[in-house]
Each structure stands twice: as C-alpha cells, then as structure tokens.
A.B. asks: 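So that we are looking at the same thing, I have put the structure below in structure tokens.
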Amino acid sequence: MTGGLAPVLPSCLLEPLWDQFAALLPEHVDTHPLGCHNPRIPDRIVFERVIAALMHGSGYERIADRQCSDRTIRRRVKYWSQLGMAEQVHGLAVQAYDRMIGLQLHELSVDGCITKAPCGGERAGRSPVDRGKQGLKRSVATKARGVPIGLVSAGANRHDSPLLVPTLEAAKKQIGVFPEQVNVNLDRGYDSDKTRAALEELGFTGEIARKGVPAPIQAGKRWVVERSHAWMNGFGKLRRCTEKRQCAVDFYLYLSAAIVTLRMLIRRATPLCRWDGRPTTKRRK
C-alpha cells in the first residue's frame, strides 16, 4: 500500500478491488476559478484510508496523516457514496463470481443482524438487545453458499420481517433475474402469514422455522447467512458504525460485501482456475 499505511488487506484482494473501483470513478474536472488551491489528493491514497477505516473501525482522525486529512476522507466518502460506488463494485464482484463459479440462486437465505451505532444517525434506532442504546440493523440475503447478494440497512428497533421484501428486491437489483423456482430459508422471526403472502406474491417458496421448536432441529440451510454475518462483523466499521448519513452506512455495507465476495471467489477459484498473479498456497520459507 502507498502512503506509509500498514497493509490491512492482502494485495490479492486490494488490487482487484481498487482496479474495479478506479474504473468506475468519473473523471475529475477542476473547476476552481483561479487554479491556485491545494492539489487534489489522489483517489488511491484516500481509498486505502477508507479500507483501513472499514477494517479497523477507527475514526478518520486516527488514520489521517500529512498526505491525507480526515476532512478529505469524509468528503470523498460522501462523494463516492452518493455515486453508489460500493454498490456497483459489489455488483461487479457478484457477476465475476457467477462467471467463474456460478451462483446457486435456487436457494436463498435471509436474516438480520444488530450492531452498535453510538453516534446515532439516519439509520440508527433503539437497540432491543443493548439496553436501548443506538444500534443499526442490516438485513442480508445470501445465495446457497453464503455470497451476500442483497443488503438493506435500518434502525435496530426494526423487525426482521418487514425488511424481507426490500432485501430480496436489493438482491434482484444486484443479480438481475431470479430463476423460476427460488426457495427462501428464514428463521422463526419471519414465521407469519404476512411473510408467506409476501413470498407467494414474489413467486418464491419459503422454508420458515416454526416458533416454539428448538432452533438446532430446524437449522436446515440457513446457516450460510449466519456465517456471512459473522464475516461481515469482522469489519470494525460494521461492528460499531459511527457514520450518520444513510448513504455512507450503505457505502460501507456494500464495500464489505464486495470484499467478502472477492475472498470467496478467490478461495473457490484457486483449485479450479489459473490466472496471472494467482495467490500461492505454498508456505514461504
């Protein structure tokens, strides 16, 4: 990494992520009337600090230095989030996974996860599992092997079931058209006639855990979304979200989902495919 920062992602993840991100960035046009302001910080330098903030969850003041101030990071995150950059990069990662491995969209799993949001904001709400403190809920839809394909953010006080349809619609936006037969695996929090009617309206079938039955008996195929939530909780910015704007929250959600998708793609493609610069699995002496 440039700029003197310790690497927070291996190059096999960072470089393809940056290549796709940079390809989507619009060309910057300097509109200053006098042209005498400070030179613009390169996007690569700011991007590396955004990745560091995502991984560590630290404030921008802690990762800023002489090359890039915290105000620059905030302005660039706001600009990139308004452009939907992270959502587009995640969509490209999902498409690459589909081309090389194949998306198994006949089985989907959806579930929500509550994390902390100590600064409040547009997507924060009173957490029922944290003594009423401000929290954030993310609803994630994954395909059969756990690749996150649809994400929705909401306040921690929101129930999972009303977020089901928006999450499936977000997944459809990322992947395009669903196959004719799709089964959605849900936990007992979705066990209601309203959920079944919503799935029927979408043309999906549902395998919903029943209330009053021990969870291990009816775990079924839903464990993959729990694993994806665990992977996403490995990002400090998601465990303790300090962003207040909705667009910034969604930016980090989709950026983390893109990293998870790329990591799964590399792991599954390594024994199947060969390409220039493929990461080695041999131990270095």
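Side-chain atoms are counted along with the backbone in the values below, which use heavy atoms only and exclude waters and symmetry mates.
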A.B. asks: Answer yes if I114 and V140 sit in the same cluster of Ile, Leu, Val, Met, Phe, Trp and Tyr residues linked by side chain heavy atoms under 4.5 Å apart, and no otherwise.
C.D. replies: no
A.B. asks: Yes or no on side chain to side chain contact (heavy atoms under 4.5 Å, CB included) for D250 and L151, after CA distance, side-chain angles and deciding distance?
C.D. replies: CA-CA 8 Å; D250 293 340; L151 300 97; over 6 Å; no
A.B. asks: Could you tell me how the ring of F21 sits relative to the ring of F47: parallel (under 30°), tilted (30 to 60°) or perpendicular (over 60°)?
C.D. replies: tilted
A.B. asks: Going by salt bridge (Lys or Arg N to Asp or Glu O under 4.0 Å), name the residues that satisfy it together with K143, two or more places apart in sequence or in a different chain.
C.D. replies: none
A.B. asks: Which pairs, with at least one residue in residues 16-27 and sequence neighbours excluded, count as a salt bridge (charged side-chain N to carboxylate O under 4.0 Å, His left out)?
C.D. replies: none
A.B. asks: Applying side chain to side chain contact (heavy atoms under 4.5 Å, CB included), name anything that partners E107, two or more places apart in sequence or on another chain.
C.D. replies: A144, N183, N185, K221
A.B. asks: Taking the side chain as every heavy atom from C-beta outward, state whether D191 and R196 have any atom pair closer than 4.5 Å.
C.D. replies: yes
A.B. asks: Return the set of residues passing salt bridge (Lys or Arg N to Asp or Glu O under 4.0 Å) with K173 (not counting sequence neighbours), or none when no residue passes.
C.D. replies: E87
A.B. asks: Can you list the residues that meet the side chain to side chain contact (heavy atoms under 4.5 Å, CB included) rule with A64, with sequence neighbours excluded?
C.D. replies: D70
A.B. asks: Do P118 and K133 come within less than 4.5 Å of each other through their side chains, counting heavy atoms only?
C.D. replies: no
A.B. asks: Show every ring-ring contact (aromatic ring centres under 6.0 Å, His included) that has at least one partner inside residues 146-197, sequence neighbours left out.
C.D. replies: F178-F204
A.B. asks: Could you tell me which non-hydrogen atom of V249 sits nearest to which non-hydrogen atom of C241, and how far apart they are?
C.D. replies: CG2-SG, 3.9 Å
A.B. asks: Taking only residues two or more places apart in sequence or in another chain, which ones pass side-chain hydrogen bond (donor to acceptor under 3.5 Å, both in side chains) with E61?
C.D. replies: R74
A.B. asks: Going by heavy atoms in the side chains, are I45 and T72 under 4.5 Å from each other?
C.D. replies: no
A.B. asks: Sequence neighbours left out, what pairs pass ring-ring contact (aromatic ring centres under 6.0 Å, His included) with at least one residue falling in residues 230-260?
C.D. replies: H90-Y254
A.B. asks: Return the minimal non-hydrogen interatomic distance between L199 and L164, and the atom names on each side.
C.D. replies: CD2-CD2, 4.0 Å
A.B. asks: Can you tell me how far apart CE (M264) and CD1 (I259) are? Round to the nearest 0.5 Å.
C.D. replies: 14.5 Å
A.B. asks: Taking salt bridge (Lys or Arg N to Asp or Glu O under 4.0 Å) as the definition, give me every residue that meets it alongside D160, ordered by chain and number, with sequence neighbours left out.
C.D. replies: K137
A.B. asks: I need the minimum non-hydrogen distance between L24 and M85, along with the two atoms involved.
C.D. replies: CB-CE, 3.5 Å
A.B. asks: Kindly indicate whether the side chain of R126, heavy atoms from C-beta on, has any atom under 4.5 Å from the side chain of Q134.
C.D. replies: yes
A.B. asks: Identify the heavy atoms of V110 and S139 that sit nearest to each other, and give their distance.
C.D. replies: CG1-OG, 3.9 Å
A.B. asks: Any chain of hydrophobic side-chain contacts (each under 4.5 Å) joining L202 to V152?
C.D. replies: no
A.B. asks: Rounded to the nearest 0.5 Å, what's the gap from CD on Q181 to CG on L105? Could you check?
C.D. replies: 13.5 Å
A.B. asks: Can you list everything that forms a salt bridge (Lys or Arg N to Asp or Glu O under 4.0 Å) with R76? Sequence neighbours excluded, please.
C.D. replies: D43
A.B. asks: Per the salt bridge (charged side-chain N to carboxylate O under 4.0 Å, His left out) rule, what does the pair list look like for residues 257-268, sequence neighbours excluded?
C.D. replies: none
A.B. asks: Around R239, counting heavy atoms of other residues, nucleotides and ligands shown, do more than 12 lie under 6.0 Å from its CZ?
C.D. replies: yes
A.B. asks: So do I266 and T270 actually touch side chain to side chain, heavy atoms under 4.5 Å?
C.D. replies: yes
A.B. asks: Using the side-chain hydrogen bond (donor to acceptor under 3.5 Å, both in side chains) definition, which of the options R123, R138, R158 pairs with S153?
C.D. replies: R123
A.B. asks: Within the distance-only criterion (no hydrogens, no angle test), does the side chain of H229 pair as donor or acceptor with the backbone N or O of D111 below 3.5 angstrom?
C.D. replies: yes
A.B. asks: Less than 4.5 Å apart, side chain to side chain, heavy atoms only: is that true for C68 and I73?
C.D. replies: yes
A.B. asks: Residues in side chain to side chain contact (heavy atoms under 4.5 Å, CB included) with E15, at least two apart?
C.D. replies: S11, R44
A.B. asks: Between G125 and N157, which heavy-atom pair has the shortest distance, and what is it?
C.D. replies: CA-OD1, 3.7 Å
A.B. asks: Compare every heavy atom of A117 with every heavy atom of L136, then report the nearest pair and how far apart it is.
C.D. replies: N-CB, 4.1 Å
A.B. asks: Verify the cluster assignment for Y97 and V225: are they in a single hydrophobic cluster under the rule of side-chain heavy atoms below 4.5 Å apart?
C.D. replies: no
A.B. asks: Can a salt bridge be assigned to the pair E243 and K237 using a cut-off of 4.0 Å between side-chain N and carboxylate O?
C.D. replies: yes
A.B. asks: Please determine whether residues L163 and V184 belong to a single hydrophobic cluster, defined as Ile, Leu, Val, Met, Phe, Trp and Tyr linked transitively by side-chain heavy-atom distances below 4.5 Å.
C.D. replies: no
